Amino acid sequence: MAREATLKDIPELINFISPFHECGGYKDIPFQNKVAKTNLTHMLSSPMHKVWVIEKDGEICAALGVVSQELWFSKRHYATNLFLCANDKGRGTAGFLLRKFKKWVDSRPIIQDVTLAVTSEIGDTERTERLYQAVGFKSLGGVYRLNI
């Protein structure tokens, strides 16, 4: 079952997402439950952000969250900072979740630009790029991290 996440989902979302972080590209930055709870609360309380979950057998098996903000030089909003996680039960749901995201963007006229980085934790950025392109996104640049 796919649905919008609620504030009641925060503890389960944190439990679901943290293992992805522990084996991902940002594992050198400690996962902080308190920070995650604060940020998820903000995301779920603001119309400019959104989180969707997919549940199977009463448990979250996939999640997609998006933060949208203003461009630094304009009042035109854009969506970025997407997180997308799916375990074995949620396999094959990424495209469905991205289409939900795209439909949400289309319903929000204040969002005029969408920029998604490929910061995949799976190590297969080409797979993530193909997924984005299959949903209608075009390639434009890349992301670079300076690990200080």
Side-chain angles (χ1 to χ4, degrees), residues 2-55 60-87 90 92-148:
R3 62 176 177 79
E4 294 179 12
T6 68
L7 293 170
K8 292 178 183 178
D9 291 314
I10 291 175
E12 188 178 354
L13 270 168
I14 290 172
N15 288 336
F16 174 73
I17 293 167
S18 59
F20 292 95
H21 175 79
E22 292 168 9
C23 60
Y26 290 99
K27 63 185 171 194
D28 59 307
I29 302 170
F31 189 93
Q32 298 177 18
N33 285 357
K34 186 176 180 181
V35 173
K37 181 179 179 181
T38 299
N39 288 335
L40 285 168
T41 300
H42 179 68
M43 288 175 73
L44 294 171
S45 301
S46 169
M48 288 307 299
H49 315 298
K50 190 62 101 176
V51 180
W52 296 270
V53 295
I54 293 186
E55 289 181 323
I60 294 174
C61 62
L64 172 71
V66 63
V67 174
S68 58
Q69 58 196 30
E70 291 179 351
L71 293 167
W72 66 272
F73 56 86
S74 171
K75 290 288 185 190
R76 195 166 153 169
H77 287 73
Y78 74 109
T80 187
N81 297 333
L82 188 78
F83 71 78
L84 174 60
C85 304
N87 63 19
T93 60
F96 175 77
L97 285 169
L98 280 170
R99 283 187 288 283
K100 281 201 123 359
F101 162 65
K102 192 173 175 194
K103 188 175 180 179
W104 175 76
V105 168
D106 290 343
S107 74
R108 312 263 322 147
I110 198 164
I111 299 176
Q112 298 177 14
D113 288 288
V114 176
T115 304
L116 301 179
V118 179
T119 54
S120 176
E121 301 282 325
I122 61 174
D124 184 359
T125 57
E126 292 82 17
R127 182 173 154 200
T128 305
E129 289 171 353
R130 285 192 308 273
L131 178 62
Y132 286 173
Q133 291 169 348
V135 177
F137 292 93
K138 306 290 183 233
S139 178
L140 178 65
V143 172
Y144 301 86
R145 180 179 180 221
L146 178 60
N147 191 359
I148 300 174

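This structure is a prediction, so every number in the text was calculated from the model and none was measured.
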Spatial distance of atom OG1 (Thr38) from atom CG (Asn33) [nearest 0.5 Å]:
10.5 Å
Relative to the ring of Trp52, is the ring of Trp104 parallel (under 30°), tilted (30 to 60°) or perpendicular (over 60°)?
perpendicular
CD on Gln32 to CD1 on Ile14, rounded to 0.5 Å:
11.5 Å
Tell me the closest heavy-atom pair linking Leu44 and Ala5, and the distance in Å.
CD2-O, 3.6 Å
Please check this pair: side chain of Ser46 against backbone of His42, looking for a donor-acceptor N/O pair closer than 3.5 Å.
no
Which residues pass the salt bridge (Lys or Arg N to Asp or Glu O under 4.0 Å) test with Arg3, sequence neighbours left out?
Asp9, Glu55
Approximate separation, where rounding is to 0.5 Å, of Asn39 CG and His49 NE2:
9.5 Å
Kindly indicate, with the supporting measurements, whether the criterion side chain to side chain contact (heavy atoms under 4.5 Å, CB included) is fulfilled by Arg108 and Met48.
CA-CA 9 Å; Arg108 312 263 322 147; Met48 288 307 299; 3.2 Å; yes
Shortest non-hydrogen contact from Ala2 toward Phe96:
CB-CE2, 3.3 Å
Minimal non-hydrogen separation, Ala62 against Leu97, with atom names:
CB-CD1, 3.9 Å
Quick check: closest heavy atoms across Leu64 and Leu98, and the distance to 0.1 Å?
CD2-N, 4.1 Å
If you compare all heavy atoms of Ala94 against all heavy atoms of Leu84, which two are closest, and at what distance to 0.1 Å?
CB-CD2, 3.7 Å
Closest heavy-atom contact between Leu7 and Pro11?
O-CD, 4.4 Å
Determine whether Met43 and Leu40 satisfy the following criterion, side chain to side chain contact (heavy atoms under 4.5 Å, CB included), listing intermediate values before the conclusion.
CA-CA 5 Å; Met43 288 175 73; Leu40 285 168; 4.2 Å; yes
Please check if the side chain of His21 supplies one atom and the backbone of Ile29 the other of a donor-acceptor pair under 3.5 Å.
yes
